[in-house]
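Whatever order the structure lists them in is the order used to number ligands and atoms, beginning at 1. Computed from a prediction, not measured in an experiment: that's the story for all the values here.
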Amino acid sequence: MSSIADEVSRRRTFAIISHPDAGKSTMTEALALHARVINEAGAIHGKAGRKSTVSDWMEMEKARGISVSSTALQFNYTSSGAAEDAEPSVINLVDTPGHADFSEDTYRVLTAVDAAVMLIDAAKGLEPQTLKLFQVCRHRGIPVITVINKWDRPGRTPLELLDEISERIGLTPTPLFWPVGIAGDFRGLRDVRKDEYVHFTRTAGGAKIAPEEHLSTDAALDREGDVWAEAVEETELMTEMGQGHDQEMFLAGQTSPVIFTSAILNFGVRQLLEALVELAPAPHSRTAIDESERAVTDPFSAVVFKVQAGMDAAHRDRLAFMRIVSGEFERGMVVQHAQTGKPFATKYAMTVVGRDRETVETAYPGDVVGLVNANALAPGDTLYDGAKVQFPPIPSFAPEHFAVVRADSAGKYKQFRKGIEQLGTEGVVQLLRNDVRGDASPVMAAVGPMQFEVVVARMKTEFNVDVQVERLGYSVARRTDAASADELNRQRGVEVFERNDGALLALFSDKWRLQYIEKEHPSLSLEPLVAAA
Ligand code: GDP
C-alpha cells in the first residue's frame, strides 16, 4: 500500500484551454494514445466534419473501449526516464466546454485543476476564447504550459507567436522544445535544455506514435543544415533574453514553458506529457473559508465543481463531479455535506465511461469522481470527513442575458417547478424571482444565450415539460441590498430580483440607464458582479 503522499506526488490534474478548433480534441486523443490507453488514433483522425467534443468522446469510447467521459479522462503514464519499478504517473485531464457561452461552466471546471495547457493554433495565434480562459487561469493562479499546435501546417514564425504571448498577456514564454523547420515543414524539435535534436517520423495518417530519433547537435547539423542552425540561433536568442525555464516563476504564473506540436501527427505530444509530469504541480493544499489550509494528507475533503444530468435516458439521475482535495476516498464512505450539514453516502461513485459508468473504489487528491443520486449537491459545495472544512464558493458571473421561462401548459406546473429548480441548482442558468412575476414565470439569467437553449432541451427531455422563453430587454446586472430595492423598483427600466443564491440583483435596460440612476441616486447600493471570463 502506498501512502497518500505518494499517491499525490504522482498525480497531475490539468485542463486544456483553447479557442474552438485549435485542436483540443485531437490533442486529447493524442495524449491518450501516448499513454497507451488506445493503440491507434486512426478512428477519428482524418475524418472530415468532426462534430462536438462529446461525440468525439463517445466515438473514441465505442471504437477503443477506453475510459473516457465528457468530464474527466484519467490515464497512467510512465515517464521515459522513470526507474523500472517506479509507479506510473496518474494524469487527470478535465474537459472544459468549448463555447464562450458556457464560460461560467468553464470557470467552475478550472477550479478543479492544478495546471492548464494553453493550446494555440500556429496560424492564428492568440484567439478571443484563449485569452478569456487564460485570464481565468491568471485570476486563479493556475500555472500554464503553452502549446503551439498545428506546426505541420503553414503558420506564423515562432518568434512572432511568442512575442504575441508576452505582449498581449504579459506571460514570459520559456521554450522547452523549439521547432526544427518552419510551420508547414515540421521535422522535429530542439530540446533546449538537453541541447539535442528530436527528429520525428510520420506514421500513416498520424495514427500511431511518431517514432523519435535523438541526435547530437553535430549530427543534427549534418542532417538538417541551415534549418537546424536557425533553430539553434533562435533558441539562443531566447536564452540570451533570459527566457529559459524557471520553475518558481512558472509556478508563480509569470512564465510559461512552450512546446511546439502537431497533435494530428503526434509530434511533440510525448514531450508535452513529460513536461506535465516534470513541471506541472502535484495536487496541493487548499485554503478554506476560515483561511485554514486543508493539506492533501488531511482527512478526506472534496469540492463539487460540476453537476450533470444522467447521460442517457437509462440513467435519469444526476452526477455531481467532485475533485478530491485531501485524503483517501473509498467508495461507500459516509461523508459530510458542508452546505447542509447532512451526511452523504457515497455508495455510487463512478467514473463515466462513454455511456456506461465504471465504479471507483478508491481515489486520491487530484482525482475526479462522479457521485450518483447527488441531487442535493451543487457546484462549489464541500464534502468532507473528519474535522469540518468548507471551501470558498465558486463565484457566479455577471449575467448579461435575461429571459422569462414558463411552462407551455399550466397542468405541467409541478414538473416545471421541479425541473427549473434543479437546473438552477446545477448552475445551468441563474434563477431570478420577485413577487410581481411570481413563481410560475421566473427569470433566467445567463452569461451566454446558449444556456437558455440547454434549459429548453433539458426541460423537455428530462422533465417532459415544454417551456416558453421570452427574452427581456435588460443587459446589465448589479448587486444591491434591501434598503435600495424600493427606490430602484420605482425607476423606469429597472427591476429588482432575488437570485437563487440569495443575492439581490437589480437589472437595468442598459449601462446608460445604470449610469444615470447612479448619478441621480448616489446613496443606492449598486455593486458590480464578477465579470464573465
Ligand atoms: P477542438 O475544437 O479544439 O477540439 O479542435 P479539433 O481537435 O476538433 O481540431 C480542429 C481541426 O483541426 C480538425 O479538423 C483537426 O483534424 C485539425 N487539427 C487538430 N490538430 C491538428 C494539427 O496538429 N495539425 C493539423 N494540420 N490539423 C490539426
Select one of side chain, backbone, both or neither to describe which atoms of [X] lie under 4.0 Å from any atom of ligand 1, heavy atoms only.
X: Arg153; value: side chain
X: Ser262; value: both
X: Ser25; value: both

*Residue list, side chain to side chain donor-acceptor pair (under 3.5 Å) with Arg12, at least two apart or on another chain*: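 With neighbours one apart ignored, the set is empty.
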
*Could you tell me whether some N/O pair between Gly23 and ligand 1 is separated by less than 3.5 angstrom?*
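Min N/O separation from ligand 1 is below 3.5 Å for Gly23.
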
_Check this for me - ligand 1, Asp21, N or O atoms closer than 3.5 angstrom, yes or no?_
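It does: an N or O of Asp21 is found under 3.5 Å from an N or O of ligand 1.
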
*Taking only heavy atoms of Lys24 into account, list the atoms of ligand 1 that are under 4.0 Å away from them.*
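Once the distances to Lys24 are compared, the set is 1 (P), 3 (O), 4 (O), 5 (O), 7 (O).
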
*Establish, yes or no, whether a centroid distance under 6.0 Å links the rings of Phe267 and Trp151.*
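Not close enough - the centres of the two rings lie 6.0 Å or further apart.
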
*Does the ring center of Phe397 lie less than 6.0 Å from the ring center of Tyr107?*
yes

*Classify the side-chain pair Gln74/Asp367 by whether it contains a donor and acceptor separated by less than 3.5 Å.*
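Yes, because at least one side-chain N or O of Gln74 sits under 3.5 Å from a partner of the opposite role on Asp367.
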
*State, without any angle test, whether Ser256 and Thr146 hold a side-chain donor-acceptor pair at a distance under 3.5 Å.*
yes

*Which residue pairs pass the salt bridge (Lys or Arg N to Asp or Glu O under 4.0 Å) test when at least one of the two sits in residues 255-275, sequence neighbours left out?*
Glu212-Arg270, Arg270-Glu274

_Heavy-atom proximity to atom 26 (N) of ligand 1, best of Ile264, Asn149, Asp152, Val269_ =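 Of the listed residues, Asp152 has the closest heavy atom.
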
